[in-house]
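First up is the structure itself, then whatever we jot down about it.
Each chain gets a letter, A, B and so on, in the order its sequence line appears, and its residues count up from 1.
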Amino acid sequence: MAVHNAEIAEIFGRLAELLEIQGANPFRIRAYRKAAQTIEGLSHSVTSMVTEGADLSKLPGIGKDLASKIQEIVETGHLSLLDQVSSQLPGQLAELAKIPTLGPKRVKMLYDTLGIQDLKGLAKAAQAGQIRQLHGFGKKIEEKILAETDRRSTSEKRIKLHTAEEFAEPILEFLKGIHGVQEAIVAGSYRRKKDTIGDLDILVSCQNGKPIMDRFVAYDEVKTVVSKGHTRATVVLQSDLQVDLRVVPEESYGAALQYFTGSKAHNIAVRSLAIKKGLKINEYGVFRGETRIAGRTEKEVYAQVGLPYVEPELRENWGEVEAGLHHALPKLVTINDIRGDLHVHSKASDGHFSIRDMALAAQEKGYEYLAICDHSQRVTIAHGLDATRLAAQIKEIDRLNHTFKGFTILKGAEVDILEDGLLDLSDDLLQRLDLTVCAIHYKFNLPRAKQTERIIRAMDNPYFSILAHPTGRMLNEREPYEIDMEQIMAAALERGCYLEVNAQPVRLDLTDLHCKMAKDIGVKVAISTDAHRTTDLDFMRFGIGQARRGWLESGDILNTSSLNALKKKLIRS
DNA sequence: GCCGTTTTCGGCCCGACTGTTTTCAGTCG
């Protein structure tokens with residue numbers, strides 16, 4: 001049984017958390033965290049690297065010791081050191097440390113003095129007023145713990161980027177309207193276009209922060225004020241979304257934006273570069289001794305440490321710092337590179353608009369083409385098309401195309417991949433289409449090897465063009481099904497097939513890391529909205545964000561091609 | 001535990017805010 005990268009990362013992450021509570025050397029803890037991150041960001045399976053005899057200690061942040069620990073995990077499925085540490089400390093202690101105001105030190109204290117091991121015990125002790133009596137604790141901390149243990153039982157999830165926009169944009173408008181505000185921007189993972197957002201980090205530049213803080217905490221959606229100073233404040237909205245505001249003077253805006261955009265790991269890497277150059281970077285600027293030598297723009301901050309501007313989507317410490325030093329950063333795809341959408345629905349299946357309306361909307365966006373891909377017959381819940389209805393749709397599209405100039409509707413279908421890997425429509429019919437997007441809609445729970453085989457067998461069909469929403473995940477709703485993505489991508493490359501980055505905010509599937517894997521393997525992807533209504537075509541921006549996080553350039557994307565080039569690429573050899 | 005254009009030891013990002021203190025540890029981002 002192959003151990004996945006995510007599992008190895010998880011083991012190191014858990015170990016780091018427990019070691020932290022034990023009070024181990026913080027830099028040793030950081031080493032485990034960094035290793036976890038490195039492994040999570042790899043596009044190649046560590047298990048196969050071990051099998052191939054690759055030297056793991058060549059990986060950044062992984063030395064001799066961690067290399068042998070990885071080997072142990074790959075070979076045995078677990079890490080004896082973690083087992084040993086877990087036997088000394090109950091595993092749930094790490095969960096407690098995730099509660100605001102509780103960190104490793106306080107969790108250790110609670111465990112040592114009151115024997116608290118889990119959320120339940122914590123809530124009980126807080127209700128009994130035991131916590132406030134401990135040294136270093138008090139009434140306020142106890143109240144916060146109570147509030148949090150209450151809240152935990154109701155909600156606790158990262159929200160989708162799309163949802164975050166709905167909160168962020170109005171707050172931004174509100175802040176921009178305050179007298180004295182020069183610039184206001186949402187930084188953090190929102191700016192890095194992560195698929196989900198834990199909280200909103202907003203940065204404002206102005207000369208005097210105090211009045212802005214006063215207005216901010218009085219924003220009408222604010223439920224509680226967690227903290228408030230002259231330059232930083234944290235509030236929680238009615239919706240339980242946390243919003244952090246940071247105010248800096250204009251001359252520090254770039255440095256603050258860089259700092260506040262993160263990621264944390266990226267910032268550590270950049271600041272380490274600065275140290276080597278005898279510089280110090282903080283949110284106010286880049287300093288040599290006491291003198292500020294940069295800070296107004298992000299670009300000049302990066303320039304001081306010998307880096308070109310790094311796009312926010314790349315700032316994950318997934319190799320962008322090294323690439324920047326070697327002038328090898330990708331020129332990321334932008335929404336303007338997109339020439340068409342290769343997966344949309346019409347009301348023939350579960351869409352809400354006619355083919356003509358969808359096409360007009362796509363043309364309005366400046367696209368050259370749009371592929372209508374309604375569901376196939378098996379997907380009855382979406383009113384999938386059988387052979388007769390699809391044949392009629394093909395004729396309709398041919399007719400409609402005569403009415404458009406400089407714009408082409410492509411004939412497609414979202415074909416269900418049946419359990420045995422066959423496609424849900426006959427080859428006779430499929431060959432009359434310009435392309436197919438093929439997807440799994442049923443039987444999500446096959447074993448990994450079977451599911452992988454199912455998809456690859458489907459790709460054997462000469463009319464398979466694009467694997468749609470390849471992992472099937474739905475953010476906060478459904479886990480991805482088990483597949484060997486590397487094997488699938490290699491198979492797609494071999495057969496002249498493509499993978500989709502489904503731009504639906506709830507899907508964003510492929511993930512960012514999968515995009516990076518696709519680039520490494522050399523298989524191209526289609527960024528498609530899976531639109532069910534005309535306005536859904538705007539989801540393209542989320543797909544673009546995801547692709548950019550995966551280092552993809554215009555040339556890595558199928559639908560940046562002109563219509564003619566696209567048609568050639570869709571012909572399987 | 002990692003790492004090296006101060007290289008095999010001695011560093012490791014950096015500052016704001018809170019609560020519990022009475023000068024600062026702990027937490028957070």
(message) Tell me the interatomic distance from A:E283, atom CD, to B:dC28, atom P, rounded to whole angstroms.
(response) 18 Å

(message) Tell me if a side-chain donor or acceptor on A:N476 pairs with a main-chain N or O of A:I159 at a distance below 3.5 Å.
(response) no

Provide a list of protein-nucleic acid N or O atom pairs under 3.5 angstrom, restricted to nucleotides 22-24 of chain B.
none

(request) Assign A:K144 to base, sugar-phosphate, or nothing according to its heavy-atom contacts below 4.0 angstrom with the strands shown. (result) sugar-phosphate

(request) Decide whether A:E72 and A:S80 meet the rule of one side-chain donor and one side-chain acceptor closer than 3.5 Å. (result) yes

(request) Using the P atoms only, state how far B:dC28 lies from B:dT23, rounded to an integer number of Å. (result) 25 Å

(message) Out of the candidates A:E313, A:E311, A:E316, only one should pair with A:R549 under the side-chain hydrogen bond (donor to acceptor under 3.5 Å, both in side chains) rule; please name it.
(response) A:E316

(message) Let's see if you get this right: which residues in residues 186-217 of chain A place a heavy atom under 4.0 Å from DNA chain B?
(response) A:D201

(request) Could you tell me whether the phosphate oxygens of B:dC17, OP1 or OP2, come under 4.0 Å of any side-chain nitrogen or oxygen in A:T231? (result) yes

(request) Have a look at A:K139 and say if it touches a base, only the backbone sugar-phosphate, or nothing, with a 4.0 Å heavy-atom cut-off. (result) sugar-phosphate

(message) Checking A:Q546 against A:D509: is there a side-chain donor and acceptor pair closer than 3.5 Å?
(response) no

(message) Students often get this wrong, so: under 4.0 angstrom with heavy atoms, is A:K69 touching a base, only sugar-phosphate, or nothing?
(response) sugar-phosphate

(message) Using side-chain contact (heavy atoms from CB on, under 4.5 Å), reason through A:L325 and A:L307 one step at a time and then give a plain yes or no.
(response) CA-CA 6 Å; A:L325 289 173; A:L307 287 172; 3.8 Å; yes

(message) Given B:dA16, B:dG1, B:dT18, identify the nucleotide with an atom nearest to the side chain of A:D65.
(response) B:dG1

(message) Could you identify the nucleotide paired to B:dC3, looking across every strand shown and requiring Watson-Crick or G-U wobble geometry with both distances under 3.5 Å?
(response) B:dG10

(request) Write down the distance separating the P atoms in B:dT6 and B:dC2, rounded off to the nearest Å. (result) 23 Å

(request) Give a yes/no answer on whether the side chain of A:K34 brings an N or O atom under 4.0 Å of OP1 or OP2 in B:dC12. (result) no

(message) Can you see whether A:R292 engages A:S252 through a side-chain donor-acceptor pair at a distance of less than 3.5 angstrom?
(response) yes

(message) For the backbone of A:W551 and the side chain of A:K519, can you confirm whether one donor and one acceptor N or O come within less than 3.5 Å of each other?
(response) yes

(request) Run the salt-bridge test on A:E320 and A:R192 with the 4.0 Å N-O cut-off and return the result as yes or no. (result) no

(request) For A:I268 and for A:V226, locate the closest nucleotide of DNA chain B by heavy-atom distance; then report the residue assigned to the nucleotide nearer the 5' terminus. (result) A:I268

(request) Can you spot which of A:E17, A:E10, A:E20 makes a salt bridge (charged side-chain N to carboxylate O under 4.0 Å, His left out) with A:R33? (result) A:E20

(message) Taking the C1' atom in each of B:dG1 and B:dT8, what is the distance between them to the nearest angstrom?
(response) 14 Å

(message) Closer than 3.5 angstrom, by distance alone: can the side chain of A:T234 be matched with the main-chain N or O of A:D244 as a donor-acceptor pair?
(response) no

(message) Just the rounded figure in Å: distance from P of B:dC12 to NZ of A:K280.
(response) 13 Å

(request) Evaluate the ring planes of A:Y309 and A:Y302, with Trp represented by its six-membered ring, and classify them as parallel (under 30°), tilted (30 to 60°) or perpendicular (over 60°). (result) perpendicular

(request) Rounded to the nearest angstrom, tell me the gap between atom CZ in A:R232 and atom P in B:dT18. (result) 10 Å

(message) Less than 4.0 angstrom from a charged side-chain N to a carboxylate O is my criterion; do A:K210 and A:D214 meet it?
(response) yes

(request) Please determine, for the side chain of A:K105, which listed nucleotide (B:dG19, B:dA16, B:dT27) has the closest atom? (result) B:dT27

(request) Would you tell me whether A:S263 and A:H266 have side-chain atoms, one donor and one acceptor, within less than 3.5 Å of each other? (result) no

(message) What is the separation between atom NZ on A:K140 and atom C1' on B:dA25, rounded to the nearest whole Å?
(response) 18 Å

(message) Can you check the distance between B:dC14 and B:dC9, where both ends of the measurement are the P atom (answer in whole Å)?
(response) 25 Å

(message) So, OP1 or OP2 of B:dC3: does either fall under 4.0 Å of a side-chain N or O from A:K64?
(response) no

(request) Scan A:N25 against the nucleic acid and name what it touches under 4.0 Å (heavy atoms): base, sugar-phosphate only, or nothing. (result) base

(request) Tell me what A:Q242 touches on the nucleic acid: a base, only sugar-phosphate, or nothing, going by heavy atoms under 4.0 Å. (result) sugar-phosphate

(request) Take atom CD1 of A:I141 and atom P of B:dC17, then tell me their distance rounded to the nearest Å. (result) 18 Å

(request) Assess whether one donor atom and one acceptor atom, taken from the side chain of A:N267 and the base of B:dG29, lie less than 3.5 Å apart. (result) no

(message) Can you identify which nucleotide, out of B:dT18, B:dC17, B:dG26, has its nearest atom closest to the A:R106 side chain?
(response) B:dG26

(message) With side-chain contact (heavy atoms from CB on, under 4.5 Å) as the criterion, how do A:V321 and A:V305 come out once you've worked through the C-alpha distance, each side chain's angles and the decisive distance to 0.1 Å?
(response) CA-CA 10 Å; A:V321 172; A:V305 295; over 6 Å; no

(message) Counting only side-chain heavy atoms from C-beta out, which of B:dT27, B:dA16, B:dG29 sits nearest to A:P104?
(response) B:dT27

(message) Would the base of B:dG15 count as contacting A:Y284 through its side chain, where contact means a donor and an acceptor less than 3.5 Å apart?
(response) no

(message) Rounded to whole Å, how long is the line connecting atom CG of A:L110 with atom P of B:dG26?
(response) 13 Å

(request) Within residues 26-33 of chain A, find the residues that approach DNA chain B with a heavy atom at under 4.0 Å, and present them sorted by residue number. (result) A:F27, A:R28, A:R30, A:A31, A:Y32

(request) Measure the distance from CG on A:L279 to C1' on B:dC14 and round it to the nearest whole Å. (result) 15 Å

(request) Just compare B:dG1, B:dG29, B:dC14 and give me whichever is closest to any side-chain atom of A:I275. (result) B:dC14

(message) Let's see if you can work this out: which of B:dC2, B:dG15, B:dC13 has an atom nearest to the side-chain heavy atoms of A:R271?
(response) B:dC13

(message) Roughly how many Å apart are B:dT7 and B:dC12, using the C1' atom of each and rounding to a whole number?
(response) 15 Å

(message) Say we look at B:dG15 and B:dT20: how far apart would their P atoms be, to the nearest angstrom?
(response) 26 Å

(message) Between B:dA16 and B:dG11, how far apart are the two C1' atoms, rounded to whole Å?
(response) 25 Å

(request) Mind calculating the distance between CG (A:N317) and P (B:dC13) to the nearest angstrom? (result) 12 Å

(request) State whether A:K516 and A:D512 are salt-bridged, where the test is any N-O pair (Lys NZ or Arg NE/NH1/NH2 against Asp/Glu carboxylate O) under 4.0 Å. (result) no

(request) Rounded to whole angstrom, note down the C1' distance from B:dT27 over to B:dC13. (result) 16 Å

(message) Checking contacts here: which listed nucleotide (B:dC2, B:dT21, B:dG19) is nearest the side-chain heavy atoms of A:H135?
(response) B:dT21

(message) If you assign each of A:L81 and A:I281 to its closest nucleotide in DNA chain B, which residue comes earlier from the 5' end?
(response) A:L81

